[in-house]
Number of protein chains: 2
Amino acid sequence: MQDAINTWQDVQREVLGRIQNRVWKPGDIIPNEVDLAKEFGCARATVNRALQAVADSGLLDRRRKAGTRVAVNPVRKATLEIPIIRQEIEQRGQHYQYALIEQQVTDPQADMQAMMKLSDGQQLLHLKALHLADGLPHVYEDRWINISTVPEIVAVDWQQNNANEWLVAHAPFSDGDIAFSAGAAGAVEAEILNVPLNTAVFIIERSTWMMQQSITRVRLTYAPGHRLHTTI
Amino acid sequence: MQDAINTWQDVQREVLGRIQNRVWKPGDIIPNEVDLAKEFGCARATVNRALQAVADSGLLDRRRKAGTRVAVNPVRKATLEIPIIRQEIEQRGQHYQYALIEQQVTDPQADMQAMMKLSDGQQLLHLKALHLADGLPHVYEDRWINISTVPEIVAVDWQQNNANEWLVAHAPFSDGDIAFSAGAAGAVEAEILNVPLNTAVFIIERSTWMMQQSITRVRLTYAPGHRLHTTI
DNA sequence: GAGTGGTCTAGACCACTGT
DNA sequence: CAGTGGTCTAGACCACTCC
């Protein structure tokens, strides 16, 4: 006799097993929550919790009235952790340094106004800085911060404070988007990172918001050799 | 008077607002679930659901007995969807084509044997292929498949079948790792992708396993301009 | 219209862990 | 040991959407 199925993790394990053993095949509709709860001898809420977890992982598709089906093309999902740059460097046992290159209050260009969804008249603080690992350029940071959303920033001394860390501590965000790409180092980036012109560099662009209010947009240009790694 | 707080999304919104407005500052312990439920006039389970969601996003740290505190260094997590290449192209409304370039059964080089954690004597099927979008090179696929783990592959006609899709349908995996980087196109890649030598290209390397058994390792070299995008 | 998942409630007990 | 989050239950109503 099999073990009892009581916790939502038990239900999840059972469901995953049936998918892997093809008891429920891709495209199949599985029994509804009420029936599964009866079968497993637990409450419907427990089944619901388990199925939501499996659906989050991409293996099930759920729709009201239509029911729950095994995904035909399970889209695998990788979770990337986005560390503070200081932590990223120090966790590798390297020495971290930060250098401000330039700071300026500006009116946004049209493209930036659109990307950050700014209202007319909102100004930006533009920061350029370099993060170093063991004394060598690691990543060049080109950042815009919305002064309307985070007014305290104008009083911060950016020689002493690192925007990456200051914002994490003082302006938490609820939503954001992030993009990864490859590009050729331009003149400015090549000089700052101390690499030949047109060297292939890894680029991360990130925008963050708190409750529809734009906070910041940053473009990180990594020195050659940087790899972003995770498990699936 | 403010709107009632009934749903867990309402609670989440309220909590995020208090974090943003620094009513609750990084490091602070927030009231326990029972008190919050009383304050909001909802059930404790509703508060729990909301706080779990916020904690999942990294903004809160929760521990039994210790309580819930606002994260000091929120490590944000981004979830990347890893689509089948055909879907990635067709979802953009482009026409998908696949072309096999080369296939070969080989003994692994030492570095590949290490990366795929192969036993001595295990052979690999080496495939090179190109995926095209609207007739233009989109991504060059350089793939090794472990013949010991997936013996059926030797009988597959790779002129007609696309390894990316065949493996998804026939060789589910339990674990994997994935790395993103930027590189300069070498002679082979430049010719296949039809770009100048040393063009900056986006590279994805992925290995997958099923229960400790290596299945496949693939290196995807994208044509210039490719961006990987997601929300945080 | 009817069937399904989404969520809320009130109460209960459990599991972990700081003190 | 005691306080907190983690989870289960049984029942209820709602929201969406397929037929």
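The shortest side-chain heavy-atom distance between Tyr140(A) and Tyr222(A) does not fall under the 4.5 Å cut-off. Thr68(B) is not listed as a side-chain neighbour of Asn32(B), based on a closest heavy-atom distance of 4.5 Å or more.
Comment: Arg62(A) engages Glu33(A) in a salt bridge, judged by a side-chain N to carboxylate O separation of less than 4.0 angstrom. Between Arg22(B) and Glu152(A) there is no salt bridge, since none of the side-chain N atoms of the basic residue sits less than 4.0 Å from a carboxylate O of the acidic one. The residues Glu88(A) and Arg227(A) are annotated as not salt-bridged, no charged nitrogen and carboxylate oxygen being separated by less than 4.0 angstrom.
Contacts between residues 45-52 of chain B and DNA chain C, defined by a heavy-atom separation under 4.0 Å, are made by Ala45(B), Thr46(B), Arg49(B).
Taking atom CZ of residue Arg62(B) and atom P of nucleotide dT7(D), one finds them 10 Å apart after rounding to whole Å. dT4(C) atom P lies 11 Å from atom NZ of Lys38(A), rounded to whole Å. Rounded to whole Å, the distance from CG on Leu36(A) to P on dC8(D) is 15 Å. Put simply, CG on Leu60(B) is 16 Å from P on dT4(D), counting in whole angstrom units. Rounded to whole angstrom, the span from the CD1 atom of Ile30(B) across to the P atom of dG5(D) amounts to 8 Å. Here the C1' atom of nucleotide dT9(D) and the CH2 atom of Trp8(A) are 17 Å apart, to the nearest Å. Rounded to an integer number of Å, the gap from CG of Asp61(A) to C1' of dT4(C) is 15 Å. In this structure, Arg69(A) atom CZ and dC18(D) atom C1' are separated by 11 Å, rounded to whole Å.
Nearest-nucleotide positions on DNA chain D place Glu33(B) closer to the 5' end than the other of Cys42(A) and Glu33(B).
Checking the phosphate oxygens (OP1, OP2) of dG5(C), a side-chain nitrogen or oxygen of Thr68(A) falls inside 4.0 Å. Contact check, Gln9(A) against dG6(D): no side-chain N or O comes under 4.0 Å of OP1 or OP2.
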Protein-nucleotides 13-17 of chain C N/O pairs under 3.5 Å:
unit_1	atom_1	unit_2	atom_2	d
dA15(C)	N3	Arg64(B)	NE	3.2

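Residues passing the side chain to side chain donor-acceptor pair (under 3.5 Å) test with Tyr96(B), sequence neighbours excluded: His131(B), Asn162(B).
Between Trp166(B) and Trp158(B), the two ring planes are perpendicular [angle over 60°; tilted spans 30° to 60°].
Remark: Arg217(A) is not positioned above the aromatic ring of Trp144(A), lacking an NZ or CZ atom under 6.0 angstrom from the ring centre and at most 45 degrees off the axis.
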Evaluate side-chain hydrogen bond (donor to acceptor under 3.5 Å, both in side chains) for His95(B) paired with Glu90(B), printing each intermediate quantity in order. CA-CA 6 Å; His95(B) 176 59; Glu90(B) 291 180 344; over 6 Å; no
